[in-house]
Amino acid sequence: MADRWDEPMRHESIDTHRLGPIGRRYALDDDTTPPPATDPYANRFADFHDSPADDAPERRRFPLGRWIVRGLGALIVLFVIAVGWLAFTAPLSKSLQPPTPPSITLTADDGTPIARRGAIIGAPVDAAKLPKHVTQAFLAIEDRRFYSHWGIDPRGILRAFVHNVGSGGVREGGSTITQQLAKNAFLDSDRTAARKIREVMIAFWLEAWLSKDQILSRYLSNVYFGDNVYGLTAAAKHYFGRTPDTLNVGQAAMLAGLVKAPSRLAPTSNLAGARKREMVVVAAMADAGFLTKAEAADVQPQRVLASRPTQLPSGTYFADWVLPEARDQAGEVKSEATVKTTLDRRLQATAERVIRQAGLRQAQAAIVAMRTDGRVVAMVGGKDYTKSPFNRATQAMRQPGSTFKLFVYLAAMRAGMTPDSTMDDSRVEIAGWKPKNDDNRYLGPITLRRAFARSSNVVAARLTQQVGVRNVIKAARDFGISTPIANEATIGLGTSEVTLLELTAAYAGIANGHYPVQPRGLQEVANKGWYQSLTGGQKALDDETRAKMLELLGSSLRGTGREAALTVPAYGKTGTSQNSRDAWFIGFAGDLVVGVWVGNDDSSPNPGLHGGGIPAQIWRNFMVSALNIAPVEKPVIVEENAMDPAVLDNGEDPVGDLIGDTIDRTLPEVQGALRGAGIDLNTNRDGSISITPRRGPDGPPPPPRDARRGEDGPPQGEGE
């Protein structure tokens, strides 16, 4: 090594005898002179020189046996992983479940099915117990070597490949029944190589753990037959009205033929195609030796049922409304689920009947009946669901007219007023708005009881101004009205739109004594979260306020709502929107709260229509049947303002009740009696009139007028 950078490196010889073994083995000097002969390490380096091939050392042999053992071990590990994967992703129990879309059957409160959404699913079948010709029909057309292969059929795959190549497209499949079960029960419909590999693996898995009859049974129990029908049991009943064990050869052949293209070949819509396919299956059965030629020739084209009388309706107004809630309750539905609703079949039939008998022409009608706790027991959203599935009970937003006065008077009662409080029933102008009574009659100071009974518009407007629009809106919100409400005095006459269901639930709050009442269609109510429980619970209506409201609602049935009078205590309110576009009656008796709406879908006027007419009559007819009570038989009572359209000051005077208008406008406000011509006519100081047929020349006179009426109100318990 040089001591200075400018000195050249000096080469010094190395004494290998003084080196270690490695140094002695390899000469580190540049001298190529061979070492002395006596050197013990002589010619050692020659081993690194090229030598002839014959002198090369023998290479180590490849350990084939060891790699075979390793490969077998890897296969065992993969097999265990595959078995574990199949056990979790393809459990054998899943092969019993039809691959249906979400399916829910809705039942009435007595457990009777009323509607179904989703697939029609049949009970499982046992292939071993079916007639031979039934299972043979499917084997002949789908998988003739089913009992001899191990899940896949190489011959079938090769045959399908040849036929498809010859036809220039995919015309025939090579899947076995086991593969079809694997695909239907566990896989989607993607046509990918990965899915096909999984299908084959699951097919082997099913073959390893299930018998052939078990596989065939599960296949027949969930295969699709068109018309949203899954399983042989459902298909046999749907198309032929039979059970699988009573199918003849032709019927079994037709059902087996549907599997290829169930939607296209369903005999209810393509009978000719289904019969043609039936003959193909019969020929396949003869070719497979399942039928003789004579037996095949005897098979006739089959007929199917035109319709199923016992088939559940696929759509009703109530079912459409309750279905989203039912799905939420059922959770994720992958097979058929049953959800019990609140519908009462008897009351539903009654509601449909009274709507049919209402004598409506172009007008539509809707009715909602619920218990006081909000359980909806009947719902009709229109005259004919098949012609119009639009639900006018839950979807239509219409002006409620005077039925909205419930919240005006509720705000007044909350403010400390009573039914005996007086208000001026005279013309008024509020910020340029001039409300008027529909009969253009103004009685001056009257009690709130009488104002509510005759549905005075000017009193409602004055009350709204006095208690404040904000408090009226608050009363409506407290009782469940969630639709937009205008911040103006006109809301007292029902100018803001609501739904029939929501308004009926608000009246249920008065009947129940707790508010708001949430209308519901399911028997079981989902548990509320803690936040919803704290913020969305009910509040109790104090007894005093409730008693006041019941007194007001009772007086209405002796006034504008006299057509709704019952033989039991009843409460309600009429409502008519401007130009008689909408007519309402909402009320309650017993444990039923019922709302009725009548009108045109295009909101066009209905001359002569008012809440005290057809809606009140529909309500009364429903209640008489629902409560199983006798109809009213009472003398005719004519109260001022027999109609109550919430007419705004627009210069229009809607058509009124002819009898009521005529008598109200011609008779003076005097008290007395007139007897003759077979009737007794009594007048009172408040203007009310009672017309009673005479019982005979010597019959007892009617009781004194004052004994049958309230202090300022109309006659107690009387109606037309």
| Non-neighbouring partners of T342 that pass side-chain hydrogen bond (donor to acceptor under 3.5 Å, both in side chains), sequence neighbours left out | none
| message | Closer than 3.5 angstrom, by distance alone: can the side chain of R427 be matched with the main-chain N or O of Y442 as a donor-acceptor pair? | response | no
| field | P605: side chain to side chain contact (heavy atoms under 4.5 Å, CB included) partners, not counting sequence neighbours | value | N579, R581
| request: Output yes when E551 and R449 qualify as a salt bridge under the 4.0 Å nitrogen-oxygen rule, no when they do not. | output: yes
| query | What pair of heavy atoms forms the shortest contact from L503 to P400, and how long is it? | reply | CD2-CB, 3.8 Å
| task | Search all heavy atoms of A508 against all heavy atoms of M370 and return the closest pair with its distance. | result | CB-SD, 4.1 Å
| message | Pairing donors with acceptors under 3.5 angstrom, does anything connect the side chains of N391 and Y385? | response | no
| said: For the CD atom of Q357 and the CZ atom of F622, what is their distance to the nearest 0.5 Å? | reply: 13.0 Å
| request: State whether D373 and R375 are salt-bridged, where the test is any N-O pair (Lys NZ or Arg NE/NH1/NH2 against Asp/Glu carboxylate O) under 4.0 Å. | output: yes
| task | Would you check, one step at a time, whether the test side-chain contact (heavy atoms from CB on, under 4.5 Å) holds for N606 with Q362? | result | CA-CA 10 Å; N606 287 282; Q362 81 282 357; 3.6 Å; yes
| said: A319: which residues meet the side chain to side chain contact (heavy atoms under 4.5 Å, CB included) condition with it, sequence neighbours left out? | reply: L106, A115, R117, T316
Residues 479-486, side-chain donor-acceptor partners within the protein, below 3.5 Å, at least two apart:
{"residue": "S482", "atom": "OG", "partner": "E502", "partner atom": "OE2", "Å": "2.4"}
{"residue": "T483", "atom": "OG1", "partner": "E497", "partner atom": "O", "Å": "3.0"}

| note | Value for CG (L522) from CG (L323), rounded to nearest 0.5 Å, stands at 10.0 Å
| So, is the end of the K573 side chain (NZ or CZ) under 6.0 Å from the ring centre of F452 and within 45° of the ring's axis? | yes
| Close side-chain approach of L448 and L463, heavy atoms under 4.5 Å | yes
| Are any of the side-chain nitrogens in D425 or R450 under 4.0 Å away from the carboxylate oxygens of its partner? | no
| Does P435 reach the side chain of V428, with side-chain heavy atoms less than 4.5 Å apart? | yes
| N628: partners by side chain to side chain contact (heavy atoms under 4.5 Å, CB included), with sequence neighbours left out | none
| Inter-residue atom distance I355.CD1 - L360.CG, 0.5 Å rounding | 7.0 Å
| task | Please list, chain by chain and in numerical order, all residues satisfying side chain to side chain contact (heavy atoms under 4.5 Å, CB included) with V472, sequence neighbours excluded. | result | F404, F407, V408, A411, T464, V467, I491
| said: Please find the pair of heavy atoms, one from A511 and one from V593, that lie closest to each other, and give the distance. | reply: CB-CG2, 4.1 Å
| said: Could you check whether any side-chain N or O of R558 sits under 3.5 Å from a backbone N or O of G554, counting only pairs where one atom can act as donor and the other as acceptor? | reply: yes
| request: Using the side-chain contact (heavy atoms from CB on, under 4.5 Å) rule, pick out the option among V568, L566, T567, T350 that qualifies with M623. | output: L566
| After noting the C-alpha distance and the side-chain angles of I510 and L553, does the key distance pass the side-chain contact (heavy atoms from CB on, under 4.5 Å) rule? | CA-CA 10 Å; I510 303 295; L553 290 167; 4.0 Å; yes
| remark: Smallest heavy-atom separation, V594 atom then A369 atom, equals CG2-CB, 3.9 Å
| field | Salt bridge flag under 4.0 Å for residues D601 and R392 | value | yes
| request: Hey, could you give me the CD/CZ distance between Q348 and F318, rounded to the nearest 0.5 Å? | output: 8.0 Å
